[in-house]
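Worksheet: the structure to be examined is printed underneath.
First listed ligand is number 1; within each ligand, the first listed atom is number 1.
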Amino acid sequence: MRVISIVGARPQFIKVAPVSWRANGLFEHMILHTGQHYDYELSENFFSELEIPRPFVNLNSGSGSQGAQTARILAGVEEVLLKLSPDWVLVYGDTNSTIAGALAAIKLGIRVGHVEAGLRSFNRAMPEEINRVGSDHISDLLFAPTDEAMENLRNEGLYSKSLLVGDVMVESLLFMKAKIEREPVNRNREIFATIHRAENTNSKDRLQEIIYKLSKSPVPVNLFAHPRLLHKARDFGIDLGKGSIRVFGPASYFETLKGIIQSIGVITDSGGLQKEAYLLERPCLTIRSETEWIETLEGNWNQLDGDLEKINGYWWDGARTPPDISVYGDQLASRRIVEGLIHYSS
Ligand code: UD1
């Protein structure tokens with residue numbers, strides 16, 4: 001059996017890793033890189049850090065508008081799939097590489113599995129929400145990470161093709177945490193921050209307000225800037241390195257998890273980071289009005305701050321009871337995915 005995993009953006013390299021480890025020896029597993037992310041810090045370093053094989057091809061699709069980028073990936077993936085005729089294609093998460101990969105495969109009659117199916121923000125203004133909903137509806141097999149995701153799939157009439165497997169990101173996180181903890185890690189009075197979503201970076205007023213409030217933080221804010229943030233800040237003439245803010249380039253996966261552990265809390269608009277903060281027992285402030293990972297809101301571990309009212313206060317303060325990490329499964333998600341593909345092939 002031949003399975004091609006289609007990845008292209010930073011979080012997908014983290015999600016494919018456990019599947020790649022687990023598929024080893026069971027079937028032929030090939031990684032196709034769409035090239036949606038191309039900077040070394042957003043792409044290349046994940047493969048070595050997570051000890052997975054390099055992609056067999058990189059389509060170098062690059063950046064562009066939603067339509068142009070998705071279209072380039074769609075055409076490029078189709079060409080490769082026509083040559084290699086895999087038994088399954090796996091797509092991950094909610095990026096333009098996810099929807100384009102799923103669409104290319106399904107139209108060629110190739111079965112598609114969607115890893116991290118069933119997440120919903122119920123905010124159709126987000127490109128990611130369109131990508132998730134579309135991918136779930138056209139895929140053949142949906143691998144849901146949480147009960148909540150299963151419930152969303154049930155509500156959309158997709159239950160019969162859905163499997164509750166748990167969250168693959170927990171497996172990657174524990175793998176990397178073990179590496180980090182080979183050396184002592186100190187906790188400092190500083191915040192680990194990232195901002196990259198279109199809703200926070202596309203408008204000058206919004207971005208300016210976020211940066212102004214971060215700059216007034218009572219403790220240092222280490223801002224690991226995604227290229228989108230750097231480009232937008234430059235275009236709008238916004239200086240990121242003001243007041244409490246210390247600007248760094250995008251962090252590798254190792255540096256990200258280490259930075260979270262070293263911090264007193266995380267400020268982000270990333271989905272993955274909200275969950276990583278929760279699993280690593282650090283409070284998180286999410287600069288959005290809704291979250292797909294609603295489990296993280298339990299016990300005040302994650303707070304939503306779409307209105308930017310808490311961002312320059314002491315939002316991390318207060319006692320919290322330990323988070324229930326079992327809501328993200330039992331670290332066997334990748335095994336269930338691999339077994340699911342084998343089971344449903346016959
Ligand atoms: C994409 C995903 C988002 C995910 C994020 C993780 C979509 C719609 N969004 O957002 O869900 O959370 O990846 O990082 O697929 N750029 C570079 N170098 C790169 C890649 C991008 O400079 O290697 C810059 C370009 O200016 C580009 C911009 O970042 O236009 C945005 O990149 P894009 O791939 O469109 O989306 P992300 O914001 O990274």
*Between Y92 and S97, is any side-chain donor less than 3.5 angstrom from a side-chain acceptor?*
no

*With E199 as reference, evaluate R288, R228, K232 under the salt bridge (Lys or Arg N to Asp or Glu O under 4.0 Å) test and give the passing residue.*
R288

*Can you pull out the closest protein heavy atom to atom 20 (C) of ligand 1? Residue, atom name and distance to 0.1 Å, please.*
H37 CD2, 3.4 Å

*For atom 16 (N) of ligand 1, which protein heavy atom lies nearest, and how many Å away is it?*
Y38 OH, 3.5 Å

*Against heavy atoms of L42, which atoms of ligand 1 measure under 4.0 Å?*
19 (C), 20 (C), 23 (O)

*Decide whether the shortest distance between a heavy atom of P11 and an atom of ligand 1 is less than 4.0 Å.*
yes

_F175/W21 aromatic ring centres below 6.0 Å_ = yes

*Are T286 and N302 close enough that a side-chain donor and a side-chain acceptor fall under 3.5 Å?*
yes

_Ligand-residue contact atoms, ligand 1 with D94, heavy atoms, under 4.0 Å_ = 11 (O)

*Closest non-hydrogen protein atom to atom 26 (O) of ligand 1, residue and atom name please, with distance?*
H231 ND1, 2.8 Å

*Number the atoms of ligand 1 from 1 as they appear, then name those within less than 4.0 Å of a heavy atom of R197, with their elements.*
11 (O)

*Any N/O of Q66 closer than 3.5 Å to an N/O of ligand 1?*
no

*How far is atom 18 (N) of ligand 1 from its nearest protein heavy atom, and which residue and atom is that?*
D39 OD2, 3.0 Å

*So which heavy atom in the protein is nearest atom 25 (C) of ligand 1, and how far is it from that ligand atom?*
S63 OG, 3.4 Å

_Let's go through R132 and E128 carefully: what are the C-alpha distance in whole Å and the side-chain angles of both, what is the deciding distance for salt bridge (Lys or Arg N to Asp or Glu O under 4.0 Å) to 0.1 Å, and is it a yes or a no?_
CA-CA 6 Å; R132 293 180 193 117; E128 290 83 2; 5.7 Å; no

*Passing option when P145 is tested against V115, L164, D167 for side-chain contact (heavy atoms from CB on, under 4.5 Å)*: D167

*Please state which protein non-hydrogen atom is closest to atom 3 (C) of ligand 1 and give its distance, to 0.1 Å?*
E128 OE2, 3.2 Å

_If you take the nearest heavy atom of each of E41, K232, R10, H196, which one is closest to atom 4 (C) of ligand 1?_
H196

*Backbone or side chain, does any N or O of R228 fall under 3.5 Å from an N or O of ligand 1?*
yes

_S43 side chain near F13 side chain, heavy-atom distance below 4.5 Å_ = yes

_Among all protein heavy atoms in this structure, tell me which lies nearest to atom 8 (C) of ligand 1, with the distance rounded to 0.1 Å._
N96 OD1, 3.4 Å

*Are S5 and H29 close enough that a side-chain donor and a side-chain acceptor fall under 3.5 Å?*
yes

*asked:* Distance alone, cut at 3.5 Å: any donor-acceptor contact between the side chains of Q12 and T95?
replied: yes

*At what distance is the nearest protein heavy atom to atom 34 (O) of ligand 1, and which residue and atom is it?*
Q36 NE2, 3.1 Å

_Aromatic ring proximity Y344/W88, centre distance under 6.0 Å_ = no

